[in-house]
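Here is the structure we will look at, set down as structure tokens.
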Amino acid sequence: MRHPLPLLTREVPPLELRLGDSCLLLQDLHAPFADPEQGWLARRARAKVLGAEFSEYFRAVRELAPNVVKLLAAARGAGLTVLYSCFGFRPPVSPSPLQAALGWEWDLSGPEGRFPPALEPVAGEGVYPRPGWGALSEPGLARFLQERSIRSVVLVGTLLDFGLRHSCWQLADQGVGSLVVSDAVAPLTLAGEACTHGNLACGLTKFRTTAELLDLLPPLAVGGVVRI
Amino acid sequence: MIQSVLGPVRPAELGVCLPHEHIWCDQLLAPRRELLGTRTGSGVFMQLLDFEAMVAELGAFREAGGGAVVEVTCDGWGRDLEVLARLSEASGVHIVATAGFYIEPCMPAYVAELSAEQLGDRLTRELLEGVGPARRRCGVLKSAIHRARVEGLERKALLAVAAAQRRTGVAITTHTTGRRRQEVKGGTVGVEQLEILKEEGVPASRLIVGHVDERPDVDILTGLAAQGCFIQFDVIGKEHWLLDQTRAELIGELIRRGQLEQLLLSHDVNREHELLRGGGGGYCHIFTSFLGRLEGVGVTPEEIRTMMVSNPARALTPAPV
């Protein structure tokens with residue numbers, strides 16, 4: 001898919017990862033998005049006989065899971081901050097206007113708030129329910145990044161062409177660098193993936209594969225800086 | 001003399017030459033394929049493995065007026081000089097094979113194990129003594145960078161290529177960043193490759209900067225050409241990156257800026273769907289579609305001949321050492 005805007009934008013700037021000011025953000029890997037059998041999207045698509053329309057998405061979800069598991073292990077092993085951002089609400093907060101408009105009113109205190117076992121957060125890892133597409137639509141997460149002076153965020157999860165794209169834009173607005181792990185994210189469609197790569201190539205976001213990142217992460221554990 | 005897989009060819013006999021194509025390759029053989037990503041949906045790997053089909057594709061190229069193809073697949077992902085020799089014999093097209101290394105995911109394991117000097121020795125043997133039992137010789141070197149800068153194994157491979165170039169005088173063709181082009185100042189890591197090669201004693205006139213039409217900056221390309229590099233528009237027809245009309249206009253502008261003698265044209269065919277039998281333009285797209293666009297922006301037939309005949313012959317003829 002042709003995307004000419006990056007021909008007239010600056011190159012994506014170098015990005016540095018270090019323990020103090022970098023984090024791994026898992027976005028929308030809770031059940032509605034990440035359970036290809038019983039999650040809300042899967043159930044709904046099946047009920048409406050629309051499963052084939054989402055086949056590219058659920059194939060990508062199945063393929064990303066083992067990569068996210070490896071990245072989680074590497075990040076936790078290195079001592080990198082791990083955060084979760086999940087589209088949905090938790091009472092007493094009500095569904096957001098966007099959630100109501102979409103009809104995706106997921107109460108994360110119930111089954112929709114569960115994660116696949118291998119992707120569950122461990123003690124001390126923040127889970128932020130959020131009202132909008134981008135991770136920083138949740139003020140608590142935005143505040144956390146600011147208070148910790150986070151400069152670089154590695155993103156994995158779903159949906160690349162909606163929520164993750166918005167998160168990258170929001171991070172750029174805050175002057176925070178972003179790196180998307182290209183085989184640890186699921187786009188809704190492959191066409192959407194191509195378009196999103198073009199969008200985010202406009203001076204904003206780097207893309208690396210899981211294997212590339214795993215090669216790069218070890219120095220973090222000994223206090224080193226990874227320049228990408 | 002230009003070294004083809006069937007032996008030396010006089011520059012004047014090379015004919016119309018595509019300087020950056022694949023005819024026989026299999027990226028599924030890449031030793032560290034996982035570095036390219038594990039997703040399968042969009043990951044159509046480069047693969048051309050049907051002998052009879054490739055004879056037909058090369059035959060169509062020859063029928064359209066083609067004479068030679070530089071096959072830029074490197075050791076590590078399916079380079080096979082015996083197959084190339086049989087394809088050349090069957091099609092009547094000169095084929096020049098490549099010594100050097102593609103991007104890190106596709107590098108043979110020995111690249112990590114050997115020193116740059118040892119790798120340079122190996123490449124020199126491939127150029128001067130040949131490869132395999134039939135001792136078929138390569139005719140061009142290749143350096144490939146897929147990171148945003150020249151570092152790690154890709155830097156080591158570039159130094160090895162530079163050493164082999166100094167001993168043999170052959171040209172170095174390049175892969176410049178690919179998917180990382182959005183992270184590289186000026187859009188091509190060829191600028192950094194050139195600086196390193198110059199430090200290593202390789203003249204700019206021996207460097208073919210490839211893939212310039214993925215993220216072109218006409219001023220950067222003019223600067224590289226003015227230093228003596230060949231500027232290779234080699235993904236012609238791949239309009240998901242850039243419209244062919246834009247390529248034609250860039251080439252017209254570079255000619256107006258006095259850089260005609262530095263320009264090369266090719267397609268970088270590497271997948272089934274790009275072949276004629278797959279519905280693509282195969283090795284004929286430039287003939288059937290692109291030359292008309294060039295003429296439309298004022299490029300003359302003589303200038304086209306310079307880019308497709310004279311310039312490749314000059315690039316592929318080794319410099320005295």
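A, B, ... follow the sequence lines: proteins, then strands. Residue 1 opens every chain.
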Quick check on [X] against chain B: is it the side chain, the backbone, both or neither that has a heavy atom closer than 4.5 Å?
X	answer
A/T210	neither
A/I228	backbone
A/E212	both

A/G198, A/P66, A/P187: which one forms the most heavy-atom pairs within less than 4.5 Å of chain B?
A/P187
Among A/E56, A/R10, A/K206, the residue with the most heavy-atom pairs under 4.5 Å to chain B is A/K206
Atom [atom1] of [X] with >12 non-hydrogen neighbours under 6.0 angstrom:
X	atom1	value
A/E120	CD	yes
B/K198	NZ	yes
B/R32	CZ	yes
A/E53	CD	no
A/R62	CZ	yes

Sort [X] into side chain, backbone, both or neither according to what part of it lies under 4.5 angstrom from a heavy atom of chain A.
X	result
B/L243	both
B/R149	side chain
B/R180	side chain
B/E34	both

Please check: side-chain N/O of A/T209 versus main-chain N/O of B/L35, any donor-acceptor pairing under 3.5 Å?
yes
Can you check whether A/P6's main-chain N or O pairs, donor with acceptor, with B/R215's side chain at less than 3.5 Å?
yes
Test salt bridge (charged side-chain N to carboxylate O under 4.0 Å, His left out) applied to A/R208 and B/E183, step by step
CA-CA 12 Å; A/R208 293 292 183 273; B/E183 300 179 21; 2.9 Å; yes
Value rounded to 0.5 Å, distance of OG1 in B/T177 from CD in A/E11:
11.5 Å
Taking atom CG of B/L242 and atom NE2 of A/H3, what is their separation to the nearest 0.5 Å?
14.0 Å
